[in-house]
Amino acid sequence: EQYAIVVATPGRLLQNLDEAYSFRADGLKMLVFDECDRLLDMGFQSSIDAILGHLPPVGPGGLQCLMFSATNNKQLVSDRFQDADFVDVDPLRSSKTATPAALKHFVMRVALHEKLSVLWSFIRQHQRSKIMVFVSSCKQARFLHEVFRRMQPALSVYCAAIHGRMNQTKRMAVYYKFRSARNACLICTDVAARGLDFPSVDWVLQVDCPEDVASYVHRAGRTARLGSEGGNAVLFLMP
């Protein structure tokens, strides 16, 4: 008996289910939603419902559906799947919070015109650490990376950027180099807030305030990963 695993975005999966005659899902055994809160809450809702219409029914003896996210929206899940079981994979996490107990949170009041100098000072003081810096736009990520790159060798750690304007080849090269680096600084947008597992990140700095609580949780979740000793999240807020 042969098995196959298909990994796809909702739009492309639905296109194949609608248009490709040989692409059949009759024998599908398991359906997995990664980052399910986004898939069910954003512009994918109609695509997800259409995909489910092509698949065998979810339930005992039929299709098994697994949904993963650090910030599950139980109401969105319950609206589509009756009698869903919710499981917390981190036994150390408090039932009242969405972040692990080993994650330490800090807030720094920083005026807008001081953000760059405070960030630079922080990185200089933590050059033996692995740091992720989140900003709100691709332009900011490019600017900070270029500034810090030109200030070498004052900054002796590997410094790189990941944002949505980079091609996939360059993005993957930076991803693997940052993963393997012991002391490094990665400047990024929210494109790196989900779905990327970087080992041993010591600090997550949110230079620009996230749009909502879920965005904060996913950014901060790049450190203190399951199985690690802990991590630190710093949020810059203007007075």
Side-chain angles (χ1 to χ4, degrees), residues 35 38 70-71 99-100 103-225 228 230-239:
E35 308 295 355
R38 274 188 177 268
T71 52
T99 57
L103 176 59
K104 298 179 181 179
H105 304 269
F106 302 91
V107 175
M108 295 179 63
R109 288 180 53 182
V110 183
L112 179 61
H113 66 278
E114 295 178 342
K115 277 188 175 184
L116 182 58
S117 60
V118 171
L119 175 60
W120 170 254
S121 297
F122 186 96
I123 296 173
R124 284 287 309 276
Q125 293 173 18
H126 295 82
Q127 294 196 62
R128 294 184 179 274
S129 302
K130 201 166 184 177
I131 303 170
M132 292 185 70
V133 178
F134 282 95
V135 293
S136 61
S137 70
C138 299
K139 183 179 291 186
Q140 284 176 280
R142 292 198 306 266
F143 172 75
L144 287 177
H145 177 234
E146 184 66 17
V147 168
F148 291 171
R149 187 182 67 82
R150 289 176 178 270
M151 295 179 75
Q152 301 279 12
L155 190 65
S156 60
V157 300
Y158 168 68
C159 184
I162 281 186
H163 52 78
R165 298 288 178 86
M166 297 169 62
N167 64 55
Q168 187 68 12
T169 301
K170 181 67 178 300
R171 197 184 305 179
M172 291 304 294
V174 171
Y175 168 79
Y176 285 116
K177 190 165 184 178
F178 184 72
R179 269 188 63 89
S180 60
R182 295 186 62 183
N183 307 320
C185 175
L186 182 65
I187 302 166
C188 48
T189 60
D190 281 337
V191 73
R194 293 172 177 251
L196 300 181
D197 183 27
F198 295 113
S200 304
V201 173
D202 301 296
W203 293 89
V204 169
L205 274 60
Q206 303 190 47
V207 174
D208 292 324
C209 190
E211 294 182 358
D212 49 38
V213 173
S215 296
Y216 175 89
V217 170
H218 284 280
R219 285 177 173 185
R222 298 311 94 196
T223 185
R225 307 286 286 174
S228 69
N232 307 279
V234 181
L235 177 63
F236 283 22
L237 291 178
M238 290 188 292

Atom [atom1] in [X], atom [atom2] in [Y]: separation rounded to 0.5 Å?
X      : Y      : atom1 : atom2 : result
Cys185 : Arg124 : SG    : CZ    : 13.0 Å
Phe236 : Gln206 : CZ    : CD    : 10.5 Å
Leu196 : His218 : CG    : NE2   : 12.5 Å
Ile123 : Asn183 : CD1   : CG    : 13.0 Å
Ile162 : Cys138 : CD1   : SG    : 11.5 Å
Gln140 : Cys188 : CD    : SG    : 12.0 Å

If you take all heavy atoms of [X] and [Y], which pair is closest and at what distance?
X      : Y      : result
Pro210 : Leu235 : CD-CD1, 3.7 Å
Arg109 : Pro239 : NH2-CB, 3.7 Å
Ala224 : Leu103 : CB-CB, 3.8 Å
Arg222 : Val201 : O-CB, 3.6 Å
Ala193 : Arg219 : CB-CG, 4.0 Å

For the side chain of [X] and the backbone of [Y], is there at least one donor-acceptor N/O pair under 3.5 Å apart?
X      : Y      : value
Arg225 : Gly231 : no
Asn232 : Asp202 : yes
Thr189 : His163 : no

Handout entry: Non-hydrogen side-chain atoms of Asp190 and Glu211 separated by less than 4.5 Å
Key = no

Problem - Contact check, side chains of Thr99 and His105, non-hydrogen atoms, under 4.5 Å - result: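 Yes. Closest side-chain heavy atoms under 4.5 Å.
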
Practice task
Please say whether more than 12 non-hydrogen atoms of neighbouring residues, nucleotides or ligands are located less than 6.0 Å from NZ in Lys115.
Solution key: yes

Exercise for the section: Please say whether more than 12 non-hydrogen atoms of neighbouring residues, nucleotides or ligands are located less than 6.0 Å from CE in Met172. Expected result: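 Check passes, neighbour count above 12.
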
Exercise for the section: For Glu146 and Arg142, run side chain to side chain contact (heavy atoms under 4.5 Å, CB included): C-alpha distance rounded to whole Å, both residues' side-chain angles, the deciding distance at 0.1 Å, then the answer. Expected result: CA-CA 6 Å; Glu146 184 66 17; Arg142 292 198 306 266; over 6 Å; no

Practice task
Would you please test Tyr158 and Val174 for side chain to side chain contact (heavy atoms under 4.5 Å, CB included) and show each step?
Solution key: CA-CA 10 Å; Tyr158 168 68; Val174 171; 4.1 Å; yes

Practice task
For the pair Leu119 and Leu144, evaluate side chain to side chain contact (heavy atoms under 4.5 Å, CB included) and give the outcome as yes or no after the intermediate values.
Solution key: CA-CA 10 Å; Leu119 175 60; Leu144 287 177; 4.0 Å; yes

Exercise for the section: Starting from the C-alpha separation in whole Å, work towards a yes-or-no answer on side chain to side chain contact (heavy atoms under 4.5 Å, CB included) for Ile187 and Phe148. Expected result: CA-CA 10 Å; Ile187 302 166; Phe148 291 171; 3.8 Å; yes

Exercise for the section: Fit a plane to each ring of Phe106 and Trp203, take the angle between them on a 0 to 90° scale, and name the class: parallel (under 30°), tilted (30 to 60°) or perpendicular (over 60°). Expected result: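 Rings of Phe106 and Trp203: tilted, as their planes differ by 30° to 60°.
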
Handout entry: Aromatic plane relationship, Phe198 with Tyr175 - under 30° parallel, 30 to 60° tilted, over 60° perpendicular
Key =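 Ring orientation of Tyr175 relative to Phe198: tilted.
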
Problem - Geometric cation-pi criterion Lys130 and Phe178, 6.0 Å radius, 45° cone - result: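 So Lys130 does make the cation-pi contact.
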
